[in-house]
Each structure stands twice: as C-alpha cells, then as structure tokens.
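Down below is the structure, laid out as structure tokens.
Numbers here simply count residues along the sequence, with the first being 1.
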Amino acid sequence: MIPQKKRLLGLTPTELKAVVGSLGMPAFTARQIAQWLYVKHVSSIDEMTNISKQNRALLAEQYEIGTMAPIDCQRSKDGTIKYLFPVCCDDTTTSETRFVETVFIPDKDRATLCVSCQVGCKMNCLFCQTGKQGWHGNLTVADILNQILALPEVDQLTNIVFMGQGEPMDNLDAVLQTCEVLTADWGLAWSPKRITVSSVGVRNKLKRFLDESECHVAISMHSPLHEQRLKLMPAEKAMPLTETIALLKQYDFTHQRRCSFEYICFGGLNDTPMFAREIAKLLEGLECRVNLIRFHEIPNVELPGSDEKRMEALRDYLTHHGITTTIRASRGQDIFAACGLLSTAKKNGNKTETT
C-alpha cells in the first residue's frame with residue numbers, strides 16, 4: 001500500500017531534472033515525466049511511452065509514481081463523499097501507517113474537494129475533532145496531491161479548499177509546492193482562484209503564503225474578542241486576530257483574489273448583536289467576506305449550536321454594514337464530514353471508525 005520506492009508525484013520540473021540527471025538521462029526527460037504525471041495522470045512508469053524502454057526501466061529501479069487509491073469511503077445522503085487515504089508523512093520517527101480524510105462535495109455545477117495537509121493538528125481548537133487526535137506528522141507534497149489525483153471524481157473538480165485535517169501554514173512548504181503543481185503551466189494549469197487555503201493565523205507563515213501565492217485565503221475567526229478566541233483557539237496567543245487582520249490589510253483583495261473569514265456560530269456565545277458589531281469594527285476597511293457555519297457537536301465538548309434566527313440576524317447586520325456574509329450549507333453531517341468533524345482511527349482490516 002505505502003510506496004517502497006521514492007515517489008515522483010509532487011516533484012517539480014527542476015526536481016525531476018535532478019532525478020533524470022542522476023540517472024544519466026537527457027534533461028528534457030524531466031518535462032516529459034511532468035506531463036505524464038500532471039496532465040495525463042498515469043499510474044505507472046511503464047505508461048510513459050515517449051521515454052525509451054531502457055530509461056523507463058532505469059527510472060523504475062528507484063522510483064514509482066506514488067499514487068495510492070483511497071482504501072475506504074462513506075457516502076452521505078446529500079451526495080458528499082468522504083474518502084480515507086493512506087499517507088507516508090514526513091515524520092520518520094514511526095513506521096506506522098497513517099491515514100487522512102478527504103471530502104468531495106458536489107453542488108450543481110460546482111464540485112469542491114476539501115483536502116488535508118497533516119495527520120492530526122497542533123492547533124487544538126476546542127471545537128475541532130481533528131485537534132483531539134494530537135499531531136502525528138506533516139503530509140508530503142505527494143500525500144496532498146494524491147488526495148486530488150487519486151480521487152475517483154478528479155475530472156469533476158472545480159475547486160479545492162485546504163480545510164481538511166491540519167493547519168496549512170504549519171506545513172507551508174508542502175502546501176505552497178502543491179499549489180505550484182496545481183497552478184503551473186507544466187502542472188494541472190488551474191487558476192489560483194480555484195484554490196482556497198485556510199489558516200488560524202500563524203506568525204510569519206501567513207505573510208509568506210500571501211507573498212508567495214495568489215490563491216485565496218480563509219481565516220478561522222470564530223470570535224472577534226481576544227479572550228474568548230483564546231479559549232476557543234490557543235493560536236490566538238501567538239498571533240492575535242487583530243494582528244492577522246492588520247497583516248491582511250496590507251494586501252489588495254479588491255480584484256480577483258479573495259479574503260474570507262470562517263465563523264462557527266455558538267448559541268448565545270458568539271452570535272449576539274454585540275458580536276456582530278465587533279466583527280464589523282474589526283473588518284472595517286478590509287475587502288472580505290464572512291462565512292457563517294453551523295456548529296455540529298463533537299464528543300466531550302459542551303458548546304451549543306446557534307439557531308437559524310440568530311445566524312440570519314448576524315448575516316443581515318454584517319451585510320448591511322458592507323461585509324458580504326453567507327450562511328454555509330451543512331454538508332455530509334451524517335458521515336461526519338462537516339467542518340471540525342474530521343478524525344479517523346484505522347483498525348484491523350479495512351474498516352474505519354470515525355468519531
């Protein structure tokens with residue numbers, strides 16, 4: 001299941017050039033391999049028919065494509081599908097096989113894939129099931145891309161969101177290189193406007209992402225108040241929301257690149273008119289939108305969900321004050337695929353337990 005050779009998946013033309021050079025193969029072979037990987041989506045080196053048989057054999061001695069099919073899936077009554085993928089991780093301290101969840105969300109003419117970038121998460125947000133796992137390793141570029149290219153519905157995808165397991169800024173090198181493969185002309189040639197990367201706000205890493213990528217950014221807000229956000233999200237201590245917003249105001253989001261804020265609504269805790277006013281104050285002068293999200297209960301966390309009327313009042317206040325605000329439709333709740341619910345435990349055999 002887990003590749004025993006080095007993986008070609010995720011490598012850039014520059015990295016592929018080093019690979020073929022080390023094997024004594026012509027430099028142009030690197031571009032050929034990139035096309036087979038990212039345009040034609042081959043699953044074996046033998047399929048690379050414009051490379052000589054001798055060079056394919058030479059390449060196959062040390063390398064393989066590295067794609068791995070999902071080992072399990074759960075289908076929601078609303079069409080959402082949650083897949084379980086094996087991953088290698090860059091954590092070399094353990095040989096234990098790890099797994100991550102990836103969620104495919106079809107919606108009329110739009111099909112979004114929610115990908116993971118870590119096994120578990122260090123951020124430990126109170127309302128997030130993934131954080132209860134602890135952190136077990138960063139995914140490699142190949143691990144992240146595999147969730148996309150090995151997806152049965154890959155040809156249907158219109159958008160990708162880095163909103164699965166893990167904090168993208170905590171694995172920034174891999175996330176940036178994945179975005180490069182997705183958007184480069186030698187890769188999948190997607191527009192960066194089809195990709196959204198989320199973050200709780202990580203000092204220095206967020207700035208680097210904004211400087212080095214043109215993809216959309218989504219910030220997990222969940223409270224405009226420092227003390228309350230700190231209780232919900234320990235990351236508030238290292239990079240307060242006010243600093244994150246000050247950083248965002250240095251960038252131009254008035255054209256195609258979009259800045260958004262994710263806001264899970266907790267009944268009576270962060271959904272009253274006072275919170276609406278505080279959010280509007282914080283976001284004044286920043287071109288952005290707010291996505292309101294229903295809270296879905298997770299074990300051993302006593303946080304109440306908000307009701308529809310309070311969410312609508314919050315939406316209407318912010319919209320009236322010039323901040324585009326939507327209430328996100330809950331998807332895949334019956335298979336625990338909604339925001340904050342991704343958490344897996346792989347047991348004997350091929351069955352998964354999802355909590």
Side-chain angles (χ1 to χ4, degrees), residues 76 78-80 103-115 125 127-128 157-164 168 191-201 215-224 229 232-233 241 244-245 248-249 251 253-296 303-333 337-342:
S76 168
D78 66 16
T80 300
V103 182
F104 173 72
I105 310 167
D107 185 15
K108 298 178 183 176
D109 59 349
R110 185 182 178 98
T112 301
L113 188 69
C114 181
V115 300
C125 297
F127 48 82
C128 181
L157 292 180
T158 61
N159 297 83
I160 289 172
V161 295
F162 284 78
M163 295 182 182
S191 164
K193 309 310 179 290
R194 295 170 65 181
I195 303 166
T196 300
V197 180
S198 70
S199 180
V200 299
C215 297
H216 298 318
V217 62
I219 302 298
S220 299
M221 178 188 285
H222 311 310
S223 176
R229 190 170 188 261
L232 293 170
M233 307 169 65
L241 181 62
T244 299
I245 293 172
L248 292 167
K249 286 182 177 179
Y251 294 82
F253 296 104
T254 60
H255 299 290
Q256 290 189 328
R257 191 180 197 184
R258 188 171 67 236
C259 172
S260 60
F261 289 86
E262 309 297 297
Y263 196 90
I264 296 177
C265 294
F266 305 109
L269 297 182
N270 70 346
D271 61 351
T272 65
M274 181 273 286
F275 284 91
R277 292 192 295 270
E278 292 299 321
I279 294 170
K281 275 192 232 174
L282 272 176
L283 300 183
E284 186 178 3
L286 176 62
E287 183 68 28
C288 64
R289 64 180 62 195
V290 173
N291 296 316
L292 303 180
I293 303 167
R294 293 171 180 82
F295 176 63
H296 300 292
L303 286 170
S306 185
D307 62 39
E308 196 73 19
K309 286 185 178 180
R310 289 195 180 204
M311 293 183 71
E312 288 175 354
L314 194 58
R315 176 199 62 195
D316 294 346
Y317 181 93
L318 293 174
T319 300
H320 180 72
H321 285 77
I323 301 169
T324 301
T325 303
T326 59
I327 298 175
R328 181 179 294 167
S330 294
R331 299 294 303 271
Q333 188 178 356
C339 290
L341 293 181
L342 296 185

Judged by atom type as modelled, is there a donor-acceptor pair below 3.5 Å linking the side chain of Thr80 to the main-chain atoms of Ile105?
-> no

Exercise: identify the closest heavy-atom pair between Ile327 and Glu308 = CD1-OE2, 4.3 Å

Please work out whether the ring planes of Phe266 and Phe127 are parallel, tilted or perpendicular, with thresholds of 30° and 60°.
-> tilted

Could you list the residues that satisfy side chain to side chain donor-acceptor pair (under 3.5 Å) with Ser306, not counting sequence neighbours?
-> Asp271

Do Arg110 side-chain atoms and Thr158 backbone N/O form a donor-acceptor pair below 3.5 Å?
-> no

Is there a donor-acceptor pair under 3.5 Å between the side chain of Tyr263 and the backbone N or O of Asn270?
-> yes

Please tell me if the side chains of Leu232 and Leu303 come closer than 4.5 Å, counting only heavy atoms from C-beta onward.
-> yes

Got a list of side-chain donor-acceptor pairs under 3.5 Å for residues 280-293, not counting sequence neighbours?
residue, atom, partner, partner atom, Å
Lys281, NZ, Glu278, OE2, 3.2
Asn291, OD1, Thr326, OG1, 3.0
Asn291, ND2, Glu262, OE2, 3.0

Taking every non-hydrogen atom, the tightest pair across Leu248 and Phe261 = CD1-CZ, 3.7 Å

Going from NE2 on His222 to CZ on Phe295, what distance comes out if it is rounded to the nearest 0.5 angstrom?
-> 11.0 Å

Expected list for residues 312-324: side-chain donor-acceptor pairs under 3.5 angstrom, two or more places apart:
residue, atom, partner, partner atom, Å
Thr319, OG1, Arg315, O, 2.9
His321, ND1, Tyr317, O, 2.9

Between the main-chain N or O of Val217 and the side-chain N or O of Arg258, is there a donor-acceptor pair closer than 3.5 Å?
-> no

Side chain to side chain donor-acceptor pair (under 3.5 Å) filter on Gln256, not counting sequence neighbours, yields none

Sequence neighbours left out, what passes side chain to side chain donor-acceptor pair (under 3.5 Å) with Thr244? Give chain and number order.
-> none

Could you state the interatomic distance from OG (Ser223) to CD1 (Ile264), rounded to the nearest 0.5 Å?
-> 12.0 Å

Taking side chain as C-beta onward, heavy atoms only, is Ile195 less than 4.5 Å from Phe162?
-> yes

Go through the steps to decide whether Leu269 and Phe275 satisfy the test side-chain contact (heavy atoms from CB on, under 4.5 Å), and finish with yes or no.
-> CA-CA 9 Å; Leu269 297 182; Phe275 284 91; over 6 Å; no

Which pair of heavy atoms, one from Gly164 and one from Cys114, lies closest together, and at what distance?
-> N-SG, 3.4 Å

Compare every heavy atom of Met233 with every heavy atom of Cys125, then report the nearest pair and how far apart it is.
-> SG-CG, 3.9 Å

Return the set of residues passing side-chain contact (heavy atoms from CB on, under 4.5 Å) with Ser198 (not counting sequence neighbours), or none when no residue passes.
-> Met163, Pro168, Ala218

Just wondering, do Asp107 and Thr112 contact through their side chains at under 4.5 Å, heavy atoms?
-> no

For the side chain of Arg257 and the backbone of Pro192, is there at least one donor-acceptor N/O pair under 3.5 Å apart?
-> no

